[in-house]
Amino acid sequence: MNANSPNRSPGRFGGRMFPAAALAAATIALATLTRAALLASVPPGAIGAGEALASLVIGFAFDLVVATFMCAPLLALLMLAPDRLAATRPWRAFVLLAWLAAVYGLTLVAVAEWLFWQEFGGRFNFIAVDYLLYTHEVWNNIRESYPLQPLLLALMLPALAALVVLRGPLWSGAGAPVATRMRWVAVATGLALVAALARFADSDYREYSPRDIANELAGNGVFQFFAANRRNELPFERHYAAIDGRRALGIVRAALAASASRPSPLIGEGVERLVAPRLAPARPPSIVMISIESMGAEFLGSYGNRRNLTPNLDRIARESLWFSNVYATGNRTVRGLEALTLALPPTPGQSIVRRPGNEGLFTLGSVLEDKGYAVTYAYGGYGYFDNMNAFFGANDYNIVDRTDIPGERIHFANAWGVADEILFDYVLDTLDRGTAGDQGRKPFFVHIMTVSNHRPYTYPARRIDIASGSGRDGAVKYSDYALGRFLERARTRPWFGETIFVITADHGANARGTMEIPIDKYRVPLFFYAPGRIEPRRIDRLMSQIDIAPTLLGMTGLSYYTKFFGHDMLDAPAASDRAFVANYQTLGYLRDGRLVTLQPKRRSRAYRVDADGKILAPIEDRALTEEAVAFYQCASYLFRSGLYRDEEQVPPERRDATRGAPAHRKPG
């Protein structure tokens with residue numbers, strides 16, 4: 001009988017299933033090779049032999065789940081195709097092309113996982129989910145960082161080789177006859193299996209070890225990607241250890257009262273209170289806050305780096321009020337912006353900068369705007385990235401981003417934005433225009449977020465002695481150069497002597513991980529630079545990014561109502577020192593050489609840590625654990641309940657019934 005005849009007698013469905021089974025096998029093989037490659041890249045001693053074996057076994061189970069999801073659509077397509085159609089050459093060619101495309105896609109995912117691991121120290125997580133929303137920045141970053149076209153062509157070779165080896169069985173299997181009953185048995189079984197796995201397979205099953213690396217190896221990148229998509233926000237009370245809400249609020253209120261030398265009664269049911277000024281300058285200073293992309297303390301010579309990457313920052317350290325023991329709240333830019341703006345401990349899941357309901361909040365900008373400041377957020381890239389424009393625009397900031405800078409001024413840009421020097425020059429011109437004439441009586445606050453210290457590490461030529469695009473060291477040194485250049489140019493402006501420059505980082509460059517928190521990589525510099533206004537000295541007290549806004553406001557001499565969780569470090573007693581450090585799942589609370597971590601499934605652990613933040617040994621500390629829970633639980637509650645909304649800077653009895661301030665639109 002002709003092989004293409006549709007009148008063959010129905011047979012078993014095994015032959016028709018072969019392309020789907022081969023795709024499942026390819027999925028498992030690529031996932032296993034990826035895991036082996038990632039394991040080989042782990043530093044010696046970072047994971048034990050037993051943990052490595054367990055990661056391989058648990059990982060194989062996740063690979064089976066992903067293989068099931070991958071082959072289910074192809075299986076349904078094969079089973080539902082009538083025998084007459086399946087026997088045709090076009091159909092078989094279509095099946096082979098679909099199989100080739102799927103294997104090629106899996107190969108691309110495997111390589112993407114490797115690159116993601118090198119950049120972020122973990123499998124795909126919510127960062128990967130977020131990046132899909134910003135195709136311009138991410139695609140151009142990849143294109144500028146790697147030889148993309150040769151790489152894409154080279155990755156086609158393994159898929160083509162597999163197709164050549166299996167072309168015979170794939171061709172015959174695609175057209176094999178199958179009995180009607182067997183079709184529906186296969187489809188129903190596949191659907192039931194997919195539904196069961198979707199309901200019961202949980203990424204938490206990989207978290208068998210206290211070592212983050214072991215848990216990450218036990219996962220599967222594709223599975224983790226979709227799991228992260230479902231977990232961009234983690235409600236605290238549902239996933240974390242919690243205590244009675246009234247008790248938690250009482251602990252936080254008492255701690256905030258104890259952190260001020262002149263505590264005032266708290267207002268209402270939240271944490272609002274009045275801050276009395278500790279200074280009384282004749283005129284409130286203008287403020288320029290600069291958060292440098294990924295400028296972890298480990299790059300600075302003033303923190304012990306010997307490579308001379310930051311001569312300007314090192315000079316600034318000697319000429320500033322230098323807080324040398326500051327910890328970033330997170331490992332992403334949006335976390336740093338959240339801390340610097342809201343002075344609120346990080347809540348699990350996505351940053352508030354990217355969440356719905358984040359408009360009209362109590363922010364550093366809202367306080368200063370009510371006190372008569374011109375308030376601006378300036379970013380070198382496109383401000384739609386990470387929801388920056390929407391967040392700052394809805395919270396009393398005017399916006400400056402790449403779209404505001406005239407094209408003729410942009411002599412260098414990469415995937416993330418214009419070179420730092422271009423942004424700084426544009427901000428200088430903007431400030432000059434804003435302080436001209438009678439408007440010069442109005443102080444300004446501008447928060448500048450740089451972009452150059454980021455892969456692909458490119459910047460204008462002949463600025464420093466490291467070639468553009470050669471790696472992180474060059475980007476660090478260029479960022480330092482651009483900052484020094486900005487301050488020298490600002491020094492020539494008439495407003496320089498009346499301005500406080502706050503120089504810090506959004507996060508460290510190597511603060512990776514999804515469960516563990518490498519605290520020593522969370523340390524960032526913090527300088528309050530105002531020659532002739534602020535006496536240079538070094539303060540080694542423990543503090544967090546959320547303490548920067550209250551400390552800055554303390555230097556203005558303003559009296560203001562606050563909801564900030566942060567402390568004014570020039571007023572707070574040393575006994576109140578603590579730091580909040582987190583990633584998207586693990587919340588950390590550092591105090592007195594001890595660290596408490598809170599994780600999903602209501603897990604908590606306490607450790608003794610050394611002066612550099614490295615974990616020494618596990619301990620039992622119920623009191624500190626309860627304190628950590630109280631702070632994070634209250635931060636989450638106050639945001640969700642609306643108690644962290646902006647209020648007018650007037651006594652409560654005089655406030656309008658409408659809470660919050662009108663959003664500022666982007667100029668022009």
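We number each residue from 1, following the sequence as shown. Since the structure is predicted, the reported quantities are computational estimates derived from the model, not experimental observations. Just the heavy atoms: all of them, side chains too, but no hydrogens, waters or symmetry mates, feed the values below.
Inter-residue side-chain proximity for Ile546 and Leu344 is flagged as unmet; no heavy-atom pair is nearer than 4.5 Å. Residues Leu342 and Leu361 are in side-chain contact: their nearest non-hydrogen atoms beyond the backbone lie under 4.5 Å apart. By the 4.5 Å heavy-atom criterion applied to side chains, Pro456 and Trp416 are counted as neighbours. Residues Val367 and Thr562 have side chains not in contact (no heavy-atom distance under 4.5 Å, counting atoms from C-beta outward). Here the side chains of Tyr382 and Asn389 are not in contact, with every heavy-atom distance at 4.5 Å or above. Side-chain contact between Ile316 and Phe501 is absent, with no heavy atoms from C-beta onward closer than 4.5 Å. In this structure, Pro525 and Leu313 have side chains that are not in contact, with every pair of non-hydrogen atoms separated by 4.5 Å or more. Counting heavy atoms from C-beta outward, Asp396 and Val375 have side chains that stay 4.5 Å or more apart.
In this pair, Phe392 and His447 present their aromatic rings perpendicular. The plane angle is above 60°, beyond the 30 to 60° band. Ring-plane geometry between Phe631 and Phe580 is classed as perpendicular, the angle between the planes exceeding 60 degrees on a 0 to 90 degree scale with a lower cut at 30. Taking the six-membered ring where the residue is Trp, Tyr644 and Phe565 present tilted rings, their angle falling between 30° and 60°.
In terms of heavy-atom proximity, Ala378 sits nearest to Val427 at CB-CG2, 3.8 Å. The nearest pair of heavy atoms linking Ile243 to Ala630 is CD1-CB, 4.2 Å. The two residues Gly381 and Val451 make their nearest non-hydrogen contact at N-CG1, 4.1 Å. Counting all heavy atoms, side chain and backbone alike, Val252 lies closest to Cys634 at CG2-SG, 3.7 Å. The nearest pair of heavy atoms linking Asp568 to Gly554 is OD2-CA, 3.5 Å. Counting all heavy atoms, side chain and backbone alike, Ala628 lies closest to Val596 at CB-CG1, 3.9 Å.
Taking the six-membered ring for Trp and the full ring otherwise, Phe236 and Tyr632 have centroids separated by 6.0 Å or more. For Phe564 and Phe362, the distance between ring centers is under 6.0 angstrom. The distance between the ring centers of Phe323 and Phe528 falls below 6.0 angstrom.
Under the 3.5 Å distance criterion, with hydrogens and angles disregarded, no donor-acceptor pair is assigned to the side chains of Arg640 and Thr347. If you check the side chains of Asn453 and Ser294, you find no donor sitting under 3.5 Å from an acceptor. A donor and an acceptor atom, one from each side chain of Asn395 and Asp646, are nowhere located under 3.5 Å apart. Remark: the Glu498 side chain and the Ser286 side chain contain no N/O donor-acceptor pair separated by less than 3.5 Å. Of the N and O atoms on the side chains of Ser291 and Asp506, not one donor lies less than 3.5 Å from an acceptor on the other residue.
Classification of Arg541 and Asp577 as a salt-bridged pair holds, one side-chain N sitting under 4.0 Å from a carboxylate O. The pair Arg247-Glu626 meets the salt-bridge criterion, with a side-chain N (NZ, NE, NH1 or NH2) lying under 4.0 Å from an Asp/Glu carboxylate O. Note on Arg489 versus Asp425: salt bridge recorded, some NZ/NE/NH1/NH2 to OD/OE distance being below 4.0 Å. Checked for salt-bridge contact, Asp386 and Arg354 meet the test: a charged N lies under 4.0 Å from a carboxylate O. Using a cut-off of 4.0 Å between Lys/Arg side-chain N and Asp/Glu carboxylate O, Asp429 and Arg409 are scored as salt-bridged. Between Arg332 and Glu338 there is no salt bridge, since none of the side-chain N atoms of the basic residue sits less than 4.0 Å from a carboxylate O of the acidic one.
Judged purely by atom type and a 3.5 angstrom limit, Thr551 uses its side chain to pair as donor or acceptor with the backbone of Asp547. Judged by distance alone, with hydrogens and angles left aside, the side-chain atoms of Asp571 form a donor-acceptor pair with the main-chain N or O of Ser261 at under 3.5 Å. Within the 3.5 Å criterion, the main-chain N or O of Ala390 finds no donor-acceptor partner in the side chain of Asn387. The main-chain N or O of Val353 is found under 3.5 Å from a side-chain atom of Asn358 such that the two form a donor-acceptor pair.
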Intermediate values then yes/no, side-chain hydrogen bond (donor to acceptor under 3.5 Å, both in side chains), Thr376 and Asn398: CA-CA 5 Å; Thr376 301; Asn398 292 304; 4.7 Å; no
Glu647/Lys563 under salt bridge (charged side-chain N to carboxylate O under 4.0 Å, His left out): CA gap, chis, key distance, verdict: CA-CA 9 Å; Glu647 306 285 1; Lys563 297 183 179 182; 3.3 Å; yes
side-chain hydrogen bond (donor to acceptor under 3.5 Å, both in side chains) assessment of Glu627 paired with Tyr589: CA-CA 9 Å; Glu627 189 174 308; Tyr589 185 68; 2.3 Å; yes
Test side-chain contact (heavy atoms from CB on, under 4.5 Å) applied to Phe444 and Val288, step by step: CA-CA 8 Å; Phe444 58 79; Val288 176; 3.8 Å; yes
Full working for side-chain hydrogen bond (donor to acceptor under 3.5 Å, both in side chains) between Asp420 and Ser452: CA-CA 6 Å; Asp420 289 352; Ser452 290; 3.0 Å; yes
Verdict with supporting geometry, Ile287 and Thr556, side-chain contact (heavy atoms from CB on, under 4.5 Å): CA-CA 9 Å; Ile287 301 163; Thr556 66; 4.1 Å; yes
Glu359/Arg645 under salt bridge (charged side-chain N to carboxylate O under 4.0 Å, His left out): CA gap, chis, key distance, verdict: CA-CA 8 Å; Glu359 65 281 347; Arg645 311 300 280 180; 3.8 Å; yes
Chi angles and distances behind the side-chain contact (heavy atoms from CB on, under 4.5 Å) call for Thr341, Phe391: CA-CA 10 Å; Thr341 306; Phe391 172 75; 4.0 Å; yes
From CA spacing to verdict: side-chain contact (heavy atoms from CB on, under 4.5 Å), His507, Glu293: CA-CA 7 Å; His507 58 82; Glu293 171 67 43; 3.4 Å; yes
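Here the OG-CZ distance, from Ser351 to Arg335, works out to 5.0 Å after rounding to the nearest 0.5 Å. Here the straight-line distance linking atom CE of Met388 with atom OG1 of Thr333 works out to 6.0 Å at 0.5 Å rounding. Note that OG1 of Thr363 and CG of Leu368 are 8.5 Å apart. Values are rounded to the nearest 0.5 Å. For the atom pair Ser366 OG and Lys371 NZ, the distance stands at 11.0 Å (nearest 0.5 Å). If you take OG on Ser264 and CD on Glu272, they are separated by 9.5 Å, rounding to the nearest 0.5 Å. With rounding to the nearest 0.5 angstrom, the CZ atom of Arg246 is 12.5 Å from the CD atom of Glu269.
With Arg533 as the fixed residue, the side chain to side chain contact (heavy atoms under 4.5 Å, CB included) test singles out one of Ile500, Leu321, Thr499: Ile500.
Relative to the ring axis of Tyr561, Arg655 places its NZ or CZ within 45° and under 6.0 Å from the centre.
Under a cut-off of 6.0 angstrom, the local environment of CZ in Arg493 is crowded, with over 12 non-hydrogen atoms contributed by other residues, nucleotides or ligands.
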